[in-house]
Amino acid sequence: MDVLTVHYTPTALRLRLLGEGRRAEVLARQWVGLGVTLTLHPRQPPEASLSALLDACHWQQVNTPPTPAPGDIWVIAHEQPEDDLVWLDEAERAGVPVFAPGFPDRSTVHLPGRYVQGQPVRPGVAGRGRVTLVGAGPGDPGLLTQKAAVCLRDADVIVHDRLVSREILALASPDAQRFYVGKERSNHSVAQDDINDSLARWARAGYHVVRLKGGDPFIFGRGGEELEVLAREGVPFEVVPGITAALGVSACTGIPLTHRDHAQSVRFITGHLKNGSCDLDWPTLAHPGQTLVFYMGLGTLSAICDNLISHGASPERPIALVEQGTTARQQVHVGTLAGIAEQIKSLVIAPPTLIIVGDVVSLHETLAWFDPETAPSLGWSHGKHPTPSTT
Ligand SMILES: C[S@@+](CC[C@H](N)C(=O)[O-])C[C@H]1O[C@@H](n2cnc3c(N)ncnc32)[C@H](O)[C@@H]1O
């Protein structure tokens, strides 16, 4: 039989779940927080925990069998296989797309792993539901705070970004349900609204959700935006800070961000300029005696250097590009504002990359101490998350 693999966005899934026991519940839990429309069709009163899940997710229960309707998928998960067979026959007669995990060879639809293959998590517990926004640091698991490690072990659900290293994810409880919602500049795998919505739904269903972000969640991490939604919706939350990339990279390159002889202040700046336009305060940024740290600036490196020079910075001002800082893939490229773009033109620079501008960069030559070969984190291969785990 041909099996159709479904690539729906979760919010477009309309599922009719046939069953009422543990098997149906395990399946239903895979869809919590994804915006799926689910209707349960039990033949007898469902288990109390399944009823509670339906309530928490605003899913419906209809105590009559489903009738075929365009766009619906029947998911068949009774406790007894013979009951599944009855409904598989019915689906076949009616030509309804059907997914029955107990009978893969009779399923006409395969829902992708993200929605069905996650580990069953323990049932939600009233009063436990909350979101902890956790900073995972710049990559090296040794730079994770103790509080973050405790949260990871306690989490029922982990919603993480691309910049969380696999070594850090490995510290989480094996029971935790994991969702990768990575963001790359041009490819937002899950829309921000869907992420916000998922966090609230999981927490309301009685789960401890850890929203895990690279570095610190309040530094170019959209942590504030996500918490604003939770605050508006009355979902309890906490925040655990992380070591931001600037601090991790500074330490592991021997480039102090301030130094009495070179820089009296430091600025964290987004290099993700709108349409490459120069909407930053370049005259101020061009002043000497400060250190500039550009996040997300690899794509706009030339614009950054050109703008600084044209607003008065010396073309000889030192600049460093640091790839995958604190990990085994850390690489440091040191140059000048006038020369760096040409210098790296023939190289393949792997994100995440941080840019540091200022006289402090010259200290790298003397203070570099970090040996990437001994780093516990392997980093990210070509900037892609090594295990885009969605389960
Ligand atoms: C969306 S921002 C997130 C920053 C994060 N919240 C933090 O506090 O580090 C992503 C940018 O952080 C920088 N970054 C994060 N981790 C890095 C690392 N290990 N090495 C170099 N740059 C890194 C890069 O500039 C990357 O484009």
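Reckoned from all heavy atoms, side chains included, excluding hydrogens, waters and symmetry mates. Keep in mind that this is a model prediction, so the values were computed, not measured.
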Q: Please report the C-alpha distance between Glu167 and Ser377 in whole Å, then the side-chain angles of each, then the deciding distance to 0.1 Å, and finally whether the side chain to side chain donor-acceptor pair (under 3.5 Å) criterion is met.
A: CA-CA 6 Å; Glu167 292 80 5; Ser377 170; 3.2 Å; yes

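- Looking only at distances, no side-chain donor or acceptor of Arg317 sits under 3.5 Å from a matching main-chain atom of Ala338.
- Lys213 has a carboxylate O that lies under 4.0 Å from a charged side-chain N of Glu226, or vice versa, which qualifies the two as a salt bridge.
- Taking 4.0 Å as the cut-off between side-chain N and carboxylate O, Arg43 and Glu20 count as a salt-bridged pair.
- Across Glu233 and Ala200, no two heavy atoms sit closer than the pair OE1-CB, 3.6 Å.
- Relative ring orientation between Trp87 and Trp74 is described as perpendicular, the plane-to-plane angle rising above 60° on a 0-90° scale split at 30° and 60°.
- Remark: the backbone N or O of Thr253 is paired with a side-chain donor or acceptor of His364 at under 3.5 angstrom.
- Using a 4.5 Å cut-off on side-chain heavy atoms (C-beta onward), Pro42 and Gln61 make contact.
- Between the side chains of Gln264 and Thr258, no donor N or O sits under 3.5 Å from an acceptor N or O.
- Between the Tyr295 side chain and the Ala246 main chain, a donor and an acceptor come within less than 3.5 Å of each other.
- Between atom OG of residue Ser51 and atom CD of residue Glu25 there is a gap of 9.5 Å, rounded to the nearest 0.5 Å.
- Within the 3.5 Å criterion, the main-chain N or O of Asp140 finds a donor-acceptor partner in the side chain of Thr326.
- Using a distance-only test at 3.5 Å, with no hydrogens or angles considered, a donor-acceptor pair links the side chain of Gln343 to the main chain of Val334.
- A heavy-atom distance below 4.5 Å is not found between the side chains of Thr284 and Trp282.
- Atom NE2 of His262 is separated from atom CZ of Arg260 by 11.5 Å, given to the nearest 0.5 angstrom.
- Proximity of a side-chain donor or acceptor of Arg106 to a complementary backbone N or O of Leu85 within less than 3.5 Å is not detected.
- For His208 and Asp156, the side-chain atoms include no donor-acceptor pair closer than 3.5 Å.
- For the pair Leu363 and His259, the minimum side-chain heavy-atom distance is below 4.5 Å.
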Q | Leu227/Phe218 under side chain to side chain contact (heavy atoms under 4.5 Å, CB included): CA gap, chis, key distance, verdict | A | CA-CA 10 Å; Leu227 292 193; Phe218 280 176; 3.7 Å; yes

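- Residues Val96 and Val86 are members of one and the same hydrophobic cluster, defined by side-chain heavy-atom contacts under 4.5 angstrom among Ile, Leu, Val, Met, Phe, Trp and Tyr.
- You'll find the side chain of His160 reaches within 4.5 Å of the side chain of Leu169, heavy atoms only.
- Looking only at side-chain heavy atoms (C-beta outward), Ile355 and Ile304 come within less than 4.5 Å of each other.
- Of all heavy-atom pairs spanning Ser250 and Pro256, the tightest one is OG-CA, 4.0 Å.
- Smallest separation of non-hydrogen atoms from Thr327 and Gly139: CG2-CA, 4.4 Å.
- Judged purely by atom type and a 3.5 angstrom limit, Thr132 has no side-chain atom pairing as donor or acceptor with the backbone of Val134.
- Under the 4.5 Å side-chain criterion, counting only non-hydrogen atoms from C-beta, Val209 is in contact with Val159.
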Q. Yes or no on side chain to side chain contact (heavy atoms under 4.5 Å, CB included) for Val98 and Val75, after CA distance, side-chain angles and deciding distance?
A. CA-CA 6 Å; Val98 66; Val75 179; over 6 Å; no

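- Within a 6.0 Å radius of CD in Gln44, other residues, nucleotides and ligands contribute more than 12 heavy atoms.
- The number of heavy atoms from other shown groups lying within 6.0 Å of CD (Glu342) does not exceed 12.
- Atom-to-atom distance recorded for Leu292:CG and His287:NE2 is 11.0 Å, nearest 0.5 angstrom.
- Transitive grouping of hydrophobic side chains (ILVMFWY, heavy atoms separated by less than 4.5 Å) keeps Ile195 and Val229 in distinct clusters.
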(Q) Run the side chain to side chain contact (heavy atoms under 4.5 Å, CB included) test on Asp161 and Arg211 for me, step by step, so that the C-alpha distance in whole Å, both residues' side-chain angles and the decisive distance to 0.1 Å come before the verdict. (A) CA-CA 9 Å; Asp161 286 348; Arg211 175 69 174 111; 3.1 Å; yes

Q | Chi angles and distances behind the side chain to side chain contact (heavy atoms under 4.5 Å, CB included) call for Ile319, Leu308 | A | CA-CA 11 Å; Ile319 179 170; Leu308 288 173; over 6 Å; no

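- Salt bridge Asp84/Arg23: present, at least one basic N to carboxylate O contact under 4.0 Å.
- Counting all heavy atoms, side chain and backbone alike, Leu247 lies closest to Leu257 at CD2-CD1, 4.0 Å.
- Ion pair Arg329/Glu323 not flagged as a salt bridge, since none of the NZ, NE, NH1 or NH2 atoms sits closer than 4.0 Å to an Asp/Glu carboxylate oxygen.
- For the atom pair CG (Asn307) and OG (Ser302), the distance works out to 10.5 Å, reported to the nearest 0.5 Å.
- Classification of Arg130 and Glu238 as a salt-bridged pair holds, one side-chain N sitting under 4.0 Å from a carboxylate O.
- With hydrogens and angles ignored, the 3.5 Å screen pairs no side-chain donor or acceptor of His333 with any backbone N or O of Leu321.
- Ion pairing of Arg93 with Asp89 is absent here, as no side-chain N (NZ or NE/NH1/NH2) approaches a carboxylate O to less than 4.0 Å.
- Distance check, rounded to the nearest 0.5 Å: CZ of Arg267 to CZ of Phe294 gives 9.5 Å.
- For the pair Thr37/Leu15, no side-chain contact is recorded, criterion being any heavy-atom separation below 4.5 Å from C-beta on.
- Checking side-chain atoms of Thr336 against main-chain N and O of Pro318 turns up no donor-acceptor pair under 3.5 Å.
- Note on Phe370 and Val332: separate hydrophobic clusters, where clusters join Ile, Leu, Val, Met, Phe, Trp and Tyr whose side-chain heavy atoms are under 4.5 Å apart, directly or indirectly.
- To the nearest 0.5 angstrom, Ile243 atom CD1 is 9.0 Å from Leu144 atom CG.
- With hydrogens and angles disregarded, a donor-acceptor distance shorter than 3.5 Å links the side chain of Asp216 to the backbone of Gly242.
- Heavy-atom minimum distance, Leu301 versus Ala341: CD2-CA, 4.3 Å.
- Leu337 and Leu347 fall within the same hydrophobic cluster, where Ile, Leu, Val, Met, Phe, Trp and Tyr residues are linked whenever their side-chain heavy atoms come under 4.5 Å apart, directly or through other members.
- In this structure, Phe268 and Phe220 have side chains that are in contact, with non-hydrogen atoms separated by less than 4.5 Å.
- Pairing each heavy atom of Ala28 with each of Leu50, the nearest pair is CB-CD1, 4.3 Å.
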